[in-house]
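Below, read A as the first sequence line, B as the second, and so on, with proteins coming before strands; counting in each chain starts at 1. Worth knowing before you read on, the calculation uses all heavy atoms, side chains too, and leaves out hydrogens, waters and symmetry mates.
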Amino acid sequence: MSEPILEMTDVSKRYRTAGGFGRGRKGFLAVDGVSLHVERGEALGLVGESGSGKSTLARMANGLVVPTSGTVRTDGQDIARLGRRGLRRLRRNVAMVFQDPLASLNPRQTVRQTLENVFRAHGETTSTAELVALLESVGLGADYLGRYPHEASGGQLQRVAVARALALKPDLIIADEPTSALDVSVRAQILNLLADLQRDQGISFLHVSHDLAVIRLYSDRVAVMQRGRIVETGPSDEIFRSPQHPCTRALVEATPEAELPA
Amino acid sequence: MIVYIARRMVTAVFMLLAIAFVTIALFFGASKDPARAMCGKPCPPETRAKVSAYMQTDQSAVWQYTEFVKGLFVGRTYGEGAQQVHCDAPCFGYSFPNRSDVTTLIAERLPVTLSLAFGAAVLCLVVGIGLGALSAIRKGGIVDRFSTGFAMFGLSVPTFLVGLLVLQVFGFMLNALPYSGFVSFSESPTDWAWHLIGPWMVLSFILAAGYIRVTRTQLLNELSADHLVAMTARGASTRQVNRHAVRGVMVPVVAMFALDVTALLGGSVIAEKVFSLHGLGDLLLSGVNESDLSIVVGVTLFSAFLIIVGNLIADLLMPLLDPRIRRA
Amino acid sequence: MPDPVLQVEDLCVSFTSGGVTADVVRDLSVRLDGGRTLAVVGESGSGKTITGRAIMRLLPRGASARGRIVVAGREMLSADERELRRARGSDVAMVFQDSMSALSPYLDIGAHIAQAVRLHDPSVTRRAARARAVEMLDRVGIPEPAGAVRRFPHEFSGGMRQRAVIAMALVNRPALLIADEPTTALDVTVQAQILALLRELQREYGMAMLLISHDFGVVGRAADDVLVLYAGRQAEYGSLRDIFEQPAHPYTAGLRAATPRLDARLDTGGERTRLRAIPGAPTSLRDAGPGCAFAPRCGLADQVGERCVVEAPLPTVRPTSEGGGPHLAACHLDRLPALKEVAR
């Protein structure tokens with residue numbers, strides 16, 4: 001079996017809290033000794049309540065946040081030893097999709113410029129045909145190339161953000177609450193799109209969400225985070241059928257079912 | 001709280017000492033020889049050297065700095081015998097061109113600058129907050145459009161131009177205002193105000209621009225804030241809601257004002273020059289022109305001190321106005 | 001039949017900007033009795049929030065409402081400023097989505113609640129009003145209420161802050177509570193607690209609740225009846241059971257099918273279930289044509305044909321389950337086919 005696309009070993013992140021001299025020296029431990037891996041072609045769901053450290057953990061996976069201790073390996077390589085160039089190569093391999101598409105896209109750039117910039121940042125050129133193909137792979141027509149972010153709806157923008165993530169053919173996409181800012185009827189479109197990418201292109205996913213129902217449907221495995229630690233991991237069917245840790249159980253019980261109360 | 005103030009004060013002292021050093025170093029780096037100005041028209045080299053030694057300007061910047069700091073604690077004596085001058089501790093230096101120690105000079109000039117700052121501050125607050133509030137309440141109305149233009153103009157036009165314009169229009173053309181001079185408040189309050197209206201107008205015109213903009217944007221933010229909608233939803237009247245909105249405006253205005261007013265107290269070089277007022281700004285300018293180290297250092301330090309105090313006052317006031325910045 | 005706490009008849013809300021007036025809500029009628037919860041469900045552009053605001057006459061600048069709104073016997077649209085002030089916070093109160101921005105950062109929690117008391121009864125002393133605040137905080141389950149009244153909004157967690165907002169809204173025992181996405185900003189476990197608290201207080205006070213939400217999960221937990229809005233119009237109205245078990249509008253059915261459910265994958269033998277997505281994006285009334293606003297996204301519009309594009313459907317009566325109230329849907333189709341055909 002090949003090595004996992006992402007492997008984090010005993011990773012911690014401590015933030016220093018704001019305040020002048022001698023204040024809060026210890027800081028705040030956002031992630032506390034977490035080990036986690038994502039296999040090739042797998043979708044790993046990371047769930048937890050706000051403040052559980054899941055976003056910090058996700059950002060450490062592509063070097064956006066530097067861990068205080070522990071190692072992060074993507075594709076077998078230790079991120080800490082990559083250097084600036086290696087880090088850039090890493091970022092073509094590991095792409096991110098954020099929660100709020102409007103905030104993550106430059107309002108003064110057309111979709112074409114946004115996508116072209118991704119190629120340019122890595123010293124590559126691209127053709128209109130390629131860009132159109134890219135947009136089509138996320139279900140958007142060629143007419144979106146000339147549009148500005150304010151000229152598209154939230155769902156369309158999130159498709160653009162996915163297209164941007166796909167541009168350099170990554171092996172792993174880290175999706176941080178990719179659908180929680182979207183309308184319910186649009187949410188399913190984006191989730192299905194991500195699922196198709198996993199199935200058809202073999203892209204691995206680290207899917208961060210607070211919504212258990214979403215994670216259940218779209219992840220092969222689940223890791224549950226609470227106060228900076230992973231308290232339970234396992235295949236998603238198992239976790240949700242018989243949650244072991246009290247935190248997981250509380251989450252499962254609290255998740256409202258769109259069902260009539262029995 | 002007391003610990004916090006004490007800590008801030010200690011930091012301030014070190015900051016002032018650093019500023020003194022930088023000023024002295026810059027003075028020696030850029031200035032012509034101070035003795036040259038003092039020794040008279042025919043200036044043979046030996047006289048000049050003597051003058052230089054007497055004024056102690058022949059020494060290095062580092063020496064000057066240590067003497068200056070020492071003078072703060074034990075006072076300072078220049079020259080010997082009949083020509084000896086003494087400056088009591090805390091001594092901020094002695095000005096030879098003015099034949100007086102710097103502390104006295106600053107004390108003499110302060111009333112002028114104080115009067116200027118006081119009036120300009122009051123006027124700019126009234127105009128700035130007034131226009132800003134009116135333009136926020138009637139957004140897009142005549143007042144709004146007028147004051148937006150006014151603010152743009154005030155932010156972009158240099159002080160001396162406004163000063164000269166005011167002088168030209170009110171002083172020379174309309175003959176409505178005196179164009180220079182200062183009458184102390186104790187002498188005649190009406191004459192005092194009458195002579196200062198011009199400079200007040202100029203300074204507050206420049207300053208009010210910032211207050212118009214801050215008040216307007218802040219009040220607009222506040223008026224559309226959810227917590228005011230929520231207050232209306234609780235049954236509060238528009239007047240009660242507006243009164244509450246003012247509070248949110250006060251925070252940035254106070255911060256800005258604390259800095260502006262102390263900067264004004266440090267002297268406004270240009271306004272004082274244009275209206276021939278002999279305040280601190282004018283003193284600093286003459287110090288620079290006459291290569292008078294003591295005055296330059298003294299006035300610079302005094303201004304820096306005021307600005308630091310202003311900052312401290314603002315930092316102490318803000319938590320009272322906004323509980324979110326209250327310290328644990 | 002007792003008088004309803006809330007009666008809305010033919011409500012239209014329009015916005016005027018740049019000399020152009022456009023409706024954002026059209027022909028909305030609602031009836032809500034004391035002790036019952038009506039959920040208003042919709043997405044962006046549906047007009048659900050603006051409807052809530054219209055009931056309290058809290059419309060933003062440039063918006064105006066026509067029709068009739070009666071809250072606890074008071075005509076809201078014709079009421080003058082004084083009458084409105086008397087009604088707001090006393091007959092009808094509101095809980096907002098974002099508890100942080102709904103509270104003034106400059107006042108402590110006690111001052112907020114005391115203000116709500118004294119605005120409606122100036123004879124209450126400051127001290128007595130703050131005592132009421134402590135009582136109320138205790139009632140909504142905030143620990144150490146005597147200390148909590150002196151704390152500021154930013155010193156509370158999201159859940160506790162929302163409890164405080166509920167305390168503030170309910171201190172004058174309103175006949176109607178409008179809760180606009182009260183749990184959306186909260187973690188799921190806290191969400192469940194807040195919903196339970198709202199239900200409990202509603203029962204205790206016998207008040208009517210208008211629960212505005214986008215989430216069928218929340219609706220399923222708290223509502224008696226459901227009103228589904230699409231692009232400013234009523235798409236479907238019915239009892240919770242009818243809406244969930246026999247939806248009559250393709251949008252309702254599609255929305256349900258697009259909502260992920262925790263139990264959905266239990267018996268699929270490892271095969272991944274996909275949600276049935278509704279194509280396109282929600283529109284607002286302003287962008288809708290003369291026909292059914294949902295038609296461009298509707299998988300059934302082809303079956304009906306031309307009519308969906310040219311004629312906006314009116315709500316018509318649909319079959320009701322036993323014991324349920326009226327069930328109305330605004331769709332040209334009399335009967336929905338099985339769920340899988342609903343969305344394209």
Checklist line | side chain to side chain contact (heavy atoms under 4.5 Å, CB included) partner of C:Pro260, the single match among A:Leu217, A:Thr255, A:Thr179 | finding: A:Leu217
Next item on the list: Would you please go through residues 242-251 of chain A and name the residues with a non-hydrogen atom below 4.5 Å from one of chain C, in numerical order?
Entry: A:Ala250, A:Leu251
Next item on the list: Specify which of C:Thr189, C:Val190, C:Asp187, C:Leu255 makes the most heavy-atom pairs with chain A at under 4.5 Å.
Entry: C:Asp187
Note to self: Can you confirm whether A:Arg40 is buried at CZ, in the sense that more than 12 heavy atoms of other residues, nucleotides or ligands lie under 6.0 Å from that atom?
What the structure shows: yes
Next item on the list: Starting at CD of A:Gln189, measure out to CD1 of C:Ile278 and round the result to the nearest 0.5 Å.
Entry: 8.5 Å
Notebook entry, point to check: Could you give the distance from NE2 (A:His210) to CG (C:Leu186), rounded to the nearest 0.5 Å?
Noted result: 10.0 Å
Notebook entry, point to check: What part of A:Gln156 is in contact with chain C, defined as an atom under 4.5 angstrom from a non-hydrogen atom: side chain, backbone, both or neither?
Noted result: neither
Checklist line | C:Pro282 side chain near A:Val186 side chain, heavy-atom distance below 4.5 Å | finding: yes
Next item on the list: Please flag which part of C:Ala258 lies under 4.5 Å from any non-hydrogen atom of chain A: side chain, backbone, both or neither.
Entry: both
Note to self: With a 4.5 angstrom heavy-atom cut-off, is it the side chain or the backbone of A:Ser153 that approaches chain C, or both, or neither?
What the structure shows: side chain
Next item on the list: Could you look at C:Glu43 and say if it's the side chain, the backbone, both or neither that has a heavy atom under 4.5 Å from chain A?
Entry: both
Item checked: Side chain, backbone, both or neither of A:Leu191 within contact of chain C (heavy atoms, under 4.5 Å) -> side chain
Next item on the list: Could you pull out the closest heavy-atom pair between C:Arg221 and A:Glu253, with the gap in Å?
Entry: NH2-O, 3.3 Å
Checklist line | Within residues 97-111 of chain A, residues adjacent to chain C where the heavy-atom gap is under 4.5 Å | finding: none
Item checked: Whether over 12 other heavy atoms sit under 6.0 Å from A:Arg147 CZ -> yes
